[in-house]
K.L.:
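Pasting a structure here, questions to come.
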Protein chains: 2
Amino acid sequence: MKNGGNTQFCAVIADDHEIVRAGLQSALERPGLVEEHGIAVVGQAVNGLETIEKVKLHRPDLLLLDISMPLASGAEVLLDIRRWSRDTKIVVFTAITAPGLLGGLIESQVDGLFSKSGGNDELYSKLPLILRGGRHVAKVFVDLLRDATPAPDLTQRERQTLTMIVSGKTNAEIAALMGVSPKTAEKHRASLMRKLGVRSVVELMSRALQDGLIEQHNHLK
Amino acid sequence: MKNGGNTQFCAVIADDHEIVRAGLQSALERPGLVEEHGIAVVGQAVNGLETIEKVKLHRPDLLLLDISMPLASGAEVLLDIRRWSRDTKIVVFTAITAPGLLGGLIESQVDGLFSKSGGNDELYSKLPLILRGGRHVAKVFVDLLRDATPAPDLTQRERQTLTMIVSGKTNAEIAALMGVSPKTAEKHRASLMRKLGVRSVVELMSRALQDGLIEQHNHLK
DNA sequence: TAATAAATGGGGGTAATTACCCATTTTATC
DNA sequence: GATAAAATGGGTAATTACCCCCATTTATTA
């Protein structure tokens with residue numbers, strides 16, 4: 001870590017909404033709110049690519065990150081950043097609620113996970129600990145993940161099938177694209193629906209959207 | 001209007017994210033950014049019901065509103081506010097991009113419509129005009145609506161059918177709920193799909209989501 | 001090595017969707 | 001009142017989805 005003891009920390013903020021970046025910068029920089037002498041915001045990014053760029057350039061102590069951004073969002077960015085700047089604490093600040101995605105973030109070893117809904121007190125009060133090596137997941141997410149029915153782990157073929165189903169493919173088309181018998185495609189579809197506990201394609205799409213198994217923009221390419 | 005000439009305007013901010021409310025409040029209140037003496041933020045709201053409440057209470061000159069909020073979002077709120085506080089300028093500041101929804105907002109006579117994506121300069125520079133009776137729609141939305149294929153106008157029955165389809169109902173169930181023959185329900189479904197240019201329920205859901213014809217949370221009640 | 005799960009493929013059957021054809025009645029609009 | 005659109009209902013057929021049953025091969029794991 002570049003900064004120890006009482007020296008000032010520095011941060012990069014990544015969010016596709018300027019109003020959010022401005023709000024966060026103002027909060028981080030204000031002396032006494034998060035840190036005694038404030039946190040210096042040395043860079044901002046509006047998308048995933050810019051985030052990686054800025055982190056490589058500045059090697060900040062903290063990356064405050066919204067994971068729903070255009071151009072390379074989420075997990076890919078996290079991996080890259082870990083590679084390029086291993087001492088940067090990654091704190092995700094997001095509006096998503098899909099248990100599947102949230103669980104994935106926790107597994108990918110983010111240092112902090114906070115919700116845009118509700119107050120920001122938890123974020124501000126936990127950031128100092130995180131900057132010094134701690135980790136924290138917002139209480140609302142902990143509760144949500146505890147109560148959520150665990151996202152069933154799908155096999156590779158089932159994932160492929162799901163993707164194709166929600167993009168409008170029929171069983172026959174899926175079978176052709178996977179190079180297997182229509183019966184096999186049908187079988188994957190059936191297992192998929194059994195695991196997710198749904199009885200129709202519509203319910204399948206709803207569940208998949210809720211669980212973050214697919215993204216909004218995957219459909220109908 | 002309560003305020004004329006050089007006196008200070010007052011505003012209510014409605015958004016479900018505290019960081020956005022804080023950012024907007026800071027911007028509105030800063031002298032010289034939007035108004036010479038700043039705009040007094042007299043209330044904040046985190047959902048539609050609270051928004052109506054606060055506007056009835058304060059009768060502000062300006063309501064800065066995000067329309068994707070829990071509990072009564074969007075058009076219903078707008079109508080109520082026009083009834084309770086006719087001199088309040090309503091400015092929508094949103095992240096949505098669905099042409100259908102945006103068009104609806106313009107038709108419902110909002111005084112301003114701005115995007116959370118991209119910079120906020122346009123919002124800050126146009127607010128003074130709006131406070132004095134002008135109207136403005138962000139350039140990005142104007143372009144988007146010009147290029148968008150016009151959302152087909154569905155009949156009442158077709159809308160009802162669409163809603164039930166995406167909530168997982170079968171033709172038979174829809175017919176029973178509408179009190180008509182299964183054949184009629186089937187006919188509405190067919191017209192619907194023809195108008196939207198789709199050939200399956202999955203495509204129907206995708207199109208409807210994209211066009212903002214339905215909301216994310218309508219499914220599977 | 002035995003057990004388990006994934007992936008493969010098939011038979012058979014019911015239910016539902018999708019796609020055409022046709023018609024009448026009601027309602028709004030000019 | 002005439003015209004158009006909306007809403008109603010029917011027939012028929014092909015396709016697809018959905019739900020059981022069954023089996024074999026392969027890879028992983030205990």
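Letters A, B, ... are given to chains in the order of the sequence lines, protein chains preceding strands, and every chain is numbered from 1. The analysis underlying the following values was restricted to heavy atoms, covering all of them including side chains, and did not include hydrogens, waters or symmetry mates.
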K.L.:
Looking for any heavy atom pair under 4.0 Å, which part of the strands does Thr170(B) touch: base, sugar-phosphate only, or nothing?
P.N.:
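Counting heavy atoms under 4.0 Å across all strands, the contact made by Thr170(B) is with sugar-phosphate only.
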
K.L.:
Could you list all N or O pairs between the protein and nucleotides 25-30 of chain D that sit under 3.5 Å apart?
P.N.:
none

K.L.:
If you fit an axis to the five pairs at each end of the helix from dT1(C)-dA30(D) to dC30(C)-dG1(D), how big is the angle between those two axes, to 10 degrees?
P.N.:
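Rounded value for the end-axis angle: 60°.
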
K.L.:
Using a 4.5 Å cut-off on heavy atoms from C-beta on, say whether the side chain of Thr51(A) contacts that of Leu63(A).
P.N.:
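The answer is yes, as the side chains (C-beta and beyond) meet within the 4.5 Å cut-off.
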
K.L.:
Stepwise, does the salt bridge (charged side-chain N to carboxylate O under 4.0 Å, His left out) test hold for Lys139(B) with Glu122(B)?
P.N.:
CA-CA 9 Å; Lys139(B) 187 174 178 307; Glu122(B) 195 174 2; over 6 Å; no

K.L.:
Considering the options Ile67(B), Val92(B), Ile90(B), Val91(B), which one meets the side-chain contact (heavy atoms from CB on, under 4.5 Å) requirement together with Leu113(B)?
P.N.:
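Only match with Leu113(B) under side-chain contact (heavy atoms from CB on, under 4.5 Å): Val92(B).
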
K.L.:
Any chance you could lay out the salt bridge (charged side-chain N to carboxylate O under 4.0 Å, His left out) test for Asp111(A) and Arg86(A), step after step, and finish with the verdict?
P.N.:
CA-CA 12 Å; Asp111(A) 300 287; Arg86(A) 301 191 55 195; over 6 Å; no

K.L.:
Is there a side-chain contact between His17(A) and Val20(B), using heavy atoms and a 4.5 Å cut-off?
P.N.:
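The answer is no; the side chains never approach within 4.5 Å.
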
K.L.:
Round to the nearest Å and state the distance from Leu192(A) atom CG to dT8(C) atom P.
P.N.:
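For the pair Leu192(A) CG and dT8(C) P, the rounded distance is 14 Å.
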
K.L.:
Taking atom types as modelled, is there a side-chain donor on Gln156(B) or Arg159(B) under 3.5 Å from an acceptor on the other?
P.N.:
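Distance-only check fails for Gln156(B) and Arg159(B).
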
K.L.:
If you compare every side-chain N and O of His188(B) against the phosphate oxygens of dA6(D) (OP1, OP2), does one of them come in below 4.0 Å?
P.N.:
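Looking at the OP1 and OP2 atoms of dA6(D), neither is under 4.0 Å from any side-chain N or O of His188(B).
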
K.L.:
For the pair Leu196(B) and Leu204(B), evaluate side-chain contact (heavy atoms from CB on, under 4.5 Å) and give the outcome as yes or no after the intermediate values.
P.N.:
CA-CA 7 Å; Leu196(B) 292 177; Leu204(B) 184 63; 3.4 Å; yes

K.L.:
In the 5'-to-3' direction, what one-character label does each nucleotide of nucleotides 18-30 of chain C receive under the scheme B = base within less than 4.0 Å of a protein heavy atom, S = sugar-phosphate only, - = no such atom?
P.N.:
BB-----------

K.L.:
When you check the phosphate oxygens OP1 and OP2 of dG9(C), does a side-chain N or O of Thr184(A) lie under 4.0 Å from one of them?
P.N.:
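So the side-chain polar atoms of Thr184(A) do come within 4.0 Å of the phosphate oxygens OP1 or OP2 of dG9(C), strictly under.
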
K.L.:
Test Arg157(B) against every option in Val180(B), Leu192(B), Leu162(B) by the side-chain contact (heavy atoms from CB on, under 4.5 Å) rule and name the one that passes.
P.N.:
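The residue from Val180(B), Leu192(B), Leu162(B) that satisfies side-chain contact (heavy atoms from CB on, under 4.5 Å) with Arg157(B) turns out to be Val180(B).
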
K.L.:
Just how far is it from atom CG of Leu102(A) to atom CG of Leu145(A), taken to the nearest 0.5 Å?
P.N.:
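Leu102(A) atom CG to Leu145(A) atom CG measures 5.5 Å (nearest 0.5 Å).
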
K.L.:
Please, which pairs that meet ring pair (Phe, Tyr, Trp, His ring centres under 6.0 Å) have at least one residue in residues 85-141 of chain B, sequence neighbours excluded?
P.N.:
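Ring pair (Phe, Tyr, Trp, His ring centres under 6.0 Å) check on residues 85-141 of chain B returns Phe114(B)-His136(B).
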
K.L.:
So do Lys126(B) and Leu129(B) actually touch side chain to side chain, heavy atoms under 4.5 Å?
P.N.:
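Yes; the side chains approach each other to less than 4.5 Å.
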
K.L.:
Between Gly179(A) and Lys195(A), just flag the one whose closest nucleotide in DNA chain C comes earlier from the 5' side.
P.N.:
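The 5'-side residue here is Lys195(A).
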
K.L.:
Lys54(B) vs Glu50(B), test: salt bridge (charged side-chain N to carboxylate O under 4.0 Å, His left out). Steps then yes/no.
P.N.:
CA-CA 6 Å; Lys54(B) 290 291 167 67; Glu50(B) 216 177 292; 3.7 Å; yes

K.L.:
Both Asp153(B) and Val180(B) contact DNA chain D. Taking the nearest nucleotide for each, which residue is further toward the 5' end?
P.N.:
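Residue closer to the 5' terminus by nearest nucleotide: Asp153(B).
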
K.L.:
Hey, could you give me each pair passing ring pair (Phe, Tyr, Trp, His ring centres under 6.0 Å) that has a residue in residues 162-188 of chain A? Not counting sequence neighbours.
P.N.:
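Non-adjacent pairs meeting ring pair (Phe, Tyr, Trp, His ring centres under 6.0 Å): zero.
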
K.L.:
Under 4.0 Å from any atom of DNA chain C, heavy atoms only: list the residues of residues 154-161 of chain B that qualify, in numerical order.
P.N.:
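Here the set is empty: none.
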
